[in-house]
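Reviewing the structure listed below.
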Amino acid sequence: VGMAAPAALQRSVVSPAGRHTASLVFLHGSGDTGQGARTWIKQILNQDMAFQHIKVIYPTAPARPYTPMKGAFSTVWFDRYKISNDCPEHIESIDSMCRGLTDLINDEIKNGIAKNRILIGGFSMGGGMAMHLAYRFHQDLAGVFALSSFLNKDSAVYQALKRNESILPELFQCHGTADELVLYSWGEETNKMLKSLGVSTSLHTFPNLNHELSRTEIEKLKTWIVKKLPVEAAKTN
């Protein structure tokens, strides 16, 4: 295996209006881009999801062959054998992307942002990726959010948490009951499993919402983000 570092991920960034003291990483769904996810949220809110003190980063997954699309190239965080919660995870591609996203987290830390002032989450596959990244490799992040997402039944995340003793980042989960791609029951089962393994979780249910984002959901998410990453008081010694 060559030791060349993976190329830095392309990213679309919404800068904070004021002093940057926290960062949020939003991972898009399969086949989308960081710019695409940002635009989608902007259309729903009629403005960027922006904060006084939080930098919002939308990275783009590198294109790779994607098995559910018969091996066609797609911007996906990892490969899957099929879109189901009842098959093995493609752990090799998940772990390689965890390394690339760790570089992104480290860039924020180099910019002076404490690890417990960084939140990570995403939509669909992006939320699944965020759960792997945080609960297996970065348990000191501020929190995790997963919108219309799931983990496979015997996920490596569950295996890692079975051996875990430390305090874990809180999970904010949202799911539409009418989701035909990622079934609501998959999201619910993920939530129950993580809760049983010591994660503090909430699951917000959206009746009649399909595999999509809604304005109410993003407003709820924004409220939670500011609760997890409050504005820091000016430091006095």
Side-chain angles (χ1 to χ4, degrees), residues 1-16 18-29 32-35 37-38 49-64 75-79 89-123 125-146 149 151 155-157 160-161 163-172 199 221 224-226 228-232 235:
V1 180
M3 291 310 291
L9 298 167
Q10 283 189 308
R11 49 197 94 167
S12 179
V13 174
V14 182
S15 298
R19 195 168 70 91
H20 175 208
T21 66
S23 295
L24 167 72
V25 179
F26 189 105
L27 304 177
H28 62 73
D32 202 356
T33 61
Q35 186 61 51
R38 175 183 175 175
M49 180 166 72
F51 302 90
Q52 192 59 32
H53 59 297
I54 306 168
K55 173 176 162 185
V56 185
I57 306 163
Y58 295 95
T60 297
R64 59 164 299 127
T75 48
V76 288
W77 298 109
F78 48 87
D79 197 7
E89 289 174 322
H90 195 287
I91 202 71
E92 186 192 354
S93 61
I94 292 173
D95 287 359
S96 110
M97 192 40 66
C98 282
R99 291 194 288 276
L101 288 165
T102 293
D103 291 344
L104 190 146
I105 291 169
N106 288 338
D107 284 347
E108 292 310 294
I109 295 168
K110 280 181 203 127
N111 287 330
I113 303 303
K115 190 102 173 265
N116 65 2
R117 296 281 293 166
I118 301 174
L119 266 180
I120 188 146
F123 174 72
M125 174 185 265
M129 186 73 233
M131 290 187 277
H132 274 273
L133 188 66
Y135 294 121
R136 292 176 56 217
F137 300 104
H138 298 284
Q139 297 180 346
D140 44 357
L141 288 167
V144 185
F145 61 92
S149 306
L151 291 169
S155 176
V157 173
L161 294 182
R163 305 186 291 270
N164 176 68
E165 298 296 317
S166 60
I167 303 288
L168 297 161
E170 183 187 329
L171 174 68
F172 177 94
V199 177
L221 174 63
W224 180 78
I225 289 167
V226 176
K228 299 309 291 181
L229 300 174
V231 175
E232 284 185 330
K235 291 196 171 59

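Hydrogens, waters and symmetry mates are skipped; everything else that's a heavy atom, side chains included, is used. In this chain, numbering begins with 1 at the start of the sequence shown.
Scanning for side-chain hydrogen bond (donor to acceptor under 3.5 Å, both in side chains) contacts around Ser12 gives Gln35, Arg38, with sequence neighbours left out. Every residue two or more places apart in sequence or in another chain that forms a side-chain hydrogen bond (donor to acceptor under 3.5 Å, both in side chains) with Thr102 is listed here: His138. For Asn106, there are no side-chain hydrogen bond (donor to acceptor under 3.5 Å, both in side chains) partners at least two apart in sequence or on another chain. For Ala130, the side-chain contact (heavy atoms from CB on, under 4.5 Å) test picks out Leu27, Ile120, Val144, with sequence neighbours left out. The side-chain hydrogen bond (donor to acceptor under 3.5 Å, both in side chains) test applied to Arg11 returns Asp107, not counting sequence neighbours.
In this structure, Ser93 and Asp79 approach most closely via the heavy-atom pair OG-N, 2.9 Å. For the pair Gly143 and Pro169, the tightest heavy-atom approach, listed with the atom from each and the gap, is CA-CB, 3.7 Å.
Atom CD1 of Ile118 and atom OG of Ser23 lie 5.5 Å apart (nearest 0.5 Å). Here the CZ-NE2 distance, from Arg64 to His90, works out to 5.5 Å after rounding to the nearest 0.5 Å.
In this structure the side chain of Phe78 reaches within 4.5 angstrom of the side chain of Met125, judged on heavy atoms. At a threshold of 4.5 Å between non-hydrogen side-chain atoms, the residues Thr75 and His28 count as touching. Side-chain atoms of Ile94 and Ser96, non-hydrogen and from C-beta on, never get closer than 4.5 Å to each other. Annotation: side chain of His53 is not in contact with side chain of Glu232 (no heavy-atom distance under 4.5 Å). The shortest side-chain heavy-atom distance between Lys115 and Ile105 falls under the 4.5 Å cut-off. Residues Leu119 and Leu229 have side chains in contact (heavy-atom distance under 4.5 Å, counting atoms from C-beta outward). With contacts defined as side-chain heavy-atom distances shorter than 4.5 Å, the pair Phe51/Ile225 qualifies. Using a 4.5 Å heavy-atom threshold, the side chains of Lys228 and Leu141 count as separate.
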Side-chain polar contacts of residues 54-62 - donor-acceptor pairs under 3.5 angstrom, sequence neighbours left out - could you list them?
{"unit_1": "Lys55", "atom_1": "NZ", "unit_2": "Glu108", "atom_2": "OE1", "d": "3.4"}
{"unit_1": "Lys55", "atom_1": "NZ", "unit_2": "Glu108", "atom_2": "OE2", "d": "3.1"}
{"unit_1": "Thr60", "atom_1": "OG1", "unit_2": "Gly34", "atom_2": "N", "d": "2.8"}

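Among residues at least two apart or in separate chains, side chain to side chain donor-acceptor pair (under 3.5 Å) pairs with a member in residues 127-137 are Glu89-His132, Asp95-Arg136, His132-Arg136.
Annotation: Phe26 is in aromatic contact with Phe145 [ring centroid separation under 6.0 Å].
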Decide side chain to side chain contact (heavy atoms under 4.5 Å, CB included) for Asn116 and Asp140; before the verdict, give the C-alpha distance in whole Å, the side-chain angles of both, and the deciding distance to 0.1 Å.
CA-CA 6 Å; Asn116 65 2; Asp140 44 357; 6.0 Å; no
So His20 and Ser15, side chain to side chain contact (heavy atoms under 4.5 Å, CB included) or not? Walk me through it.
CA-CA 8 Å; His20 175 208; Ser15 298; over 6 Å; no
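Of the residues Val199, Leu133, Leu151, the one that meets the side chain to side chain contact (heavy atoms under 4.5 Å, CB included) test with Val157 is Leu151.
Here the side chain of Asn164 pairs a donor or acceptor atom with the backbone of Ser166 at under 3.5 angstrom. The backbone N or O of Pro230 sits less than 3.5 Å from a side-chain atom of Arg117, completing a donor-acceptor pair.
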